[in-house]
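Worksheet: one structure, shown below.
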2 protein chains.
Amino acid sequence: MNVLEKIVNSVTNFSKSERKVAEVILANPQTTIHSSIAALAKMADVSEPTVNRFCRRLDTKGFPDFKLHLAQSLANGTPYVNRHVEEEDGPEAYTAKIFESTMAALDSARHNVDINTINRAVDVLTQAKKISFFGLGASASVAHDAQNKFFRFNVPVVCFDDIVMQRMSAINSAEGDVVVCISHTGRTKNLCDIATIARENDATVIGVTAYDSPLARECTLVLSLDVPEDTDMYMPMASRVAQLVLIDILATGFTLRRGSKFRENLKKVKDSLRGSRFEKKDHPA
Amino acid sequence: MNVLEKIVNSVTNFSKSERKVAEVILANPQTTIHSSIAALAKMADVSEPTVNRFCRRLDTKGFPDFKLHLAQSLANGTPYVNRHVEEEDGPEAYTAKIFESTMAALDSARHNVDINTINRAVDVLTQAKKISFFGLGASASVAHDAQNKFFRFNVPVVCFDDIVMQRMSAINSAEGDVVVCISHTGRTKNLCDIATIARENDATVIGVTAYDSPLARECTLVLSLDVPEDTDMYMPMASRVAQLVLIDILATGFTLRRGSKFRENLKKVKDSLRGSRFEKKDHPA
DNA sequence: CCATATATGTAATTTAATTACAATAAACCT
DNA sequence: AGGTTTATTGTAATTAAATTACATATATGG
């Protein structure tokens with residue numbers, strides 16, 4: 001966890017002198033990392049060992065170690081801060097902001113994702129007779145991507161972005177089939193229906209969606225990403241990137257689980273593409 | 001500038017012993033920031049003053065200051081360290097690695113992307129009579145996503161992942177039309193053809209592809225991302241995420257350029273979804 | 001109001017980093 | 001090639017910084 005946040009959060013556990021130290025650090029963090037313990041002690045008007053004790057209370061090895069942690073916190077420009085694009089932003093500004101907030105979202109997702117559920121999802125997927133990916137709107141392209149990945153594994157995969165097709169497919173599902181429903185909000189009615197229907201037909205339903213959403217309640221397994229993005233107001237951006245990374249993770253887990261002989265399949269798929277591509281370093285006629 | 005980059009760049013200015021130090025640091029940067037100068041000297045098999053001189057050569061005040069800079073570099077994702085998934089990795093390991101290397105890729109893309117070209121691409125897109133997104137394989141889902149975004153702007157948008165449709169569409173393009181071709185490698189023959197045909201028919205062709213690739217040569221404008229990923233060997237993962245973020249950026253630039261009255265359109269699209277969704281905090285019947 | 005516990009500071013000690021200088025190795029010039 | 005100069009590296013001494021041990025002060029509960 002970020003040291004700066006930690007200081008703010010545990011300010012109640014601090015003693016009077018330690019609080020003085022905290023204030024000085026929060027006021028000039030950049031100066032702090034270039035100060036000696038003596039200089040900082042003077043600034044906070046406390047003794048050197050007090051500063052040292054302060055550092056230890058924050059679970060660092062000592063003052064130098066504390067400075068290291070502080071430096072790392074400061075390096076992350078704006079950690080966890082989802083910088084919103086403003087009306088008057090120029091290309092440079094909005095490009096930077098979008099990259100940064102996407103990265104912040106991934107970082108947050110990484111810390112919140114449940115490894116156990118991922119592992120179980122991989123389990124389920126490797127044993128699936130057939131895998132279906134369903135999504136609507138922005139999540140449809142994520143479903144497409146998932147199809148493109150899992151198709152390489154030589155497993156029966158389907159993907160529909162059409163409600164009617166999704167319904168028919170869900171109705172036809174049977175035990176051993178896995179249905180993956182993708183929705184950031186988890187409040188898309190049609191997709192909830194799909195999940196319900198699939199479950200009624202004994203399929204295992206994996207939801208890539210918000211925890212505690214209507215869709216989540218219909219799923220056997222919920223992979224929640226917890227990306228703070230209001231897709232009711234803005235276009236889905238970071239949320240959908242996180243979903244894609246999750247798909248990458250599932251696909252990776254899948255290949256690893258299947259073992260080495262299986263990986264020859266991937267090579268075969270890759271080789272089949274060769275004819276349709278220009279060779280590397282080759283120039284077109 | 002990033003200290004790690006600096007080390008790599010100025011490796012030529014180093015003496016023999018300094019190079020030994022550089023190698024050790026690049027190999028275990030995380031260990032370095034928690035080591036004393038003595039420990040590092042021993043690891044690199046040089047004397048302590050040599051390490052100190054090494055730090056000074058990189059414009060730091062000394063060893064502790066160098067560690068601070070290094071810590072800051074490491075905090076920004078892990079530049080240059082594209083961690084590959086290993087056969088024996090468990091769910092925890094591969095999940096972390098995929099998140100991290102995706103973030104590293106975005107960080108690298110952010111620094112390499114050309115703002116000017118983005119600005120010009122936005123220019124071109126805002127003035128387009130019709131926008132077409134074409135991609136094949138993994139890039140097809142990126143094209144889909146782009147369609148989903150630009151469609152909201154009430155501009156004629158098409159997206160095909162079928163070669164024949166792409167060809168027909170390209171042949172029918174005319175001046176004022178914009179064709180966006182998406183391909184990580186830029187070596188997919190069919191897509192190069194599409195770009196050529198579109199250009200012959202006076203359309204503006206934007207390539208989201210590798211700089212200096214066959215496809216890039218056929219485009220009017222090239223948005224290069226420079227994500228180090230070998231899609232000949234592995235499944236496209238980070239590269240495709242970077243492409244999506246680029247699309248997000250173009251879409252954002254688009255809305256900003258169009259001004260406020262235009263944004264009402266977005267609201268309209270959003271509102272139209274309301275009926276198909278469960279209300280927030282609402283529980284399904 | 002005393003006893004105990006907690007917090008803070010002073011001084012000593014230890015550890016780490018830097019400097020000054022010597023030795024070695026490399027480059028350069030007759 | 002051999003001597004001279006310059007750059008590189010290491011050893012030992014010095015200095016600076018951080019930590020520990022201990023003493024004092026301040027607060028807290030009976």
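Each chain gets a letter, A, B and so on, in the order its sequence line appears, and its residues count up from 1.
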Looking at residues at least two apart in the chain, or sitting in another chain, which of them share a salt bridge (charged side-chain N to carboxylate O under 4.0 Å, His left out) with B/Arg19? none
Check ion pair B/Asp107-B/Arg110 (N to O, under 4.0 angstrom): yes
I need the CZ-P distance between A/Arg19 and C/dA7, as an integer number of Å. 11 Å
Give, ordered by number, those residues of residues 61-68 of chain A having at least one heavy-atom distance below 4.0 Å to an atom of DNA chain C; if nothing qualifies, reply none. none
Check whether any side-chain N or O of A/Asn52 sits under 4.0 Å from OP1 or OP2 of D/dT19, and answer yes or no. yes
Can you name the residues that form a ring pair (Phe, Tyr, Trp, His ring centres under 6.0 Å) with A/Phe14, not counting sequence neighbours? A/Phe54
Who are the salt bridge (charged side-chain N to carboxylate O under 4.0 Å, His left out) partners of A/Asp59, not counting sequence neighbours? A/Lys6
NZ of A/Lys42 versus P of D/dA17: gap in Å, rounded? 13 Å
Rounded off to whole Å, could you give me the CD1-to-P distance for the B/Ile37 and D/dA17 pair? 15 Å
Return the set of residues passing side chain to side chain contact (heavy atoms under 4.5 Å, CB included) with A/Thr95 (not counting sequence neighbours), or none when no residue passes. A/Phe99, B/Val113, B/Ile115, B/Ile118, B/Ile249
Summarise protein proximity over nucleotides 7-13 of chain D in one line of letters, 5' to 3': B for base, S for sugar-phosphate only, - for none, counting protein heavy atoms closer than 4.0 Å. -SBBB--
Who passes ring pair (Phe, Tyr, Trp, His ring centres under 6.0 Å) against A/Tyr94, sequence neighbours left out? none
In chain order, what residues pass the side chain to side chain contact (heavy atoms under 4.5 Å, CB included) check against A/Ala146, with sequence neighbours excluded? A/Phe133, A/Ile247
Residue set satisfying side chain to side chain contact (heavy atoms under 4.5 Å, CB included) with B/Asp114, at least two apart, ordered chain then number -> B/Asn116, B/Thr117
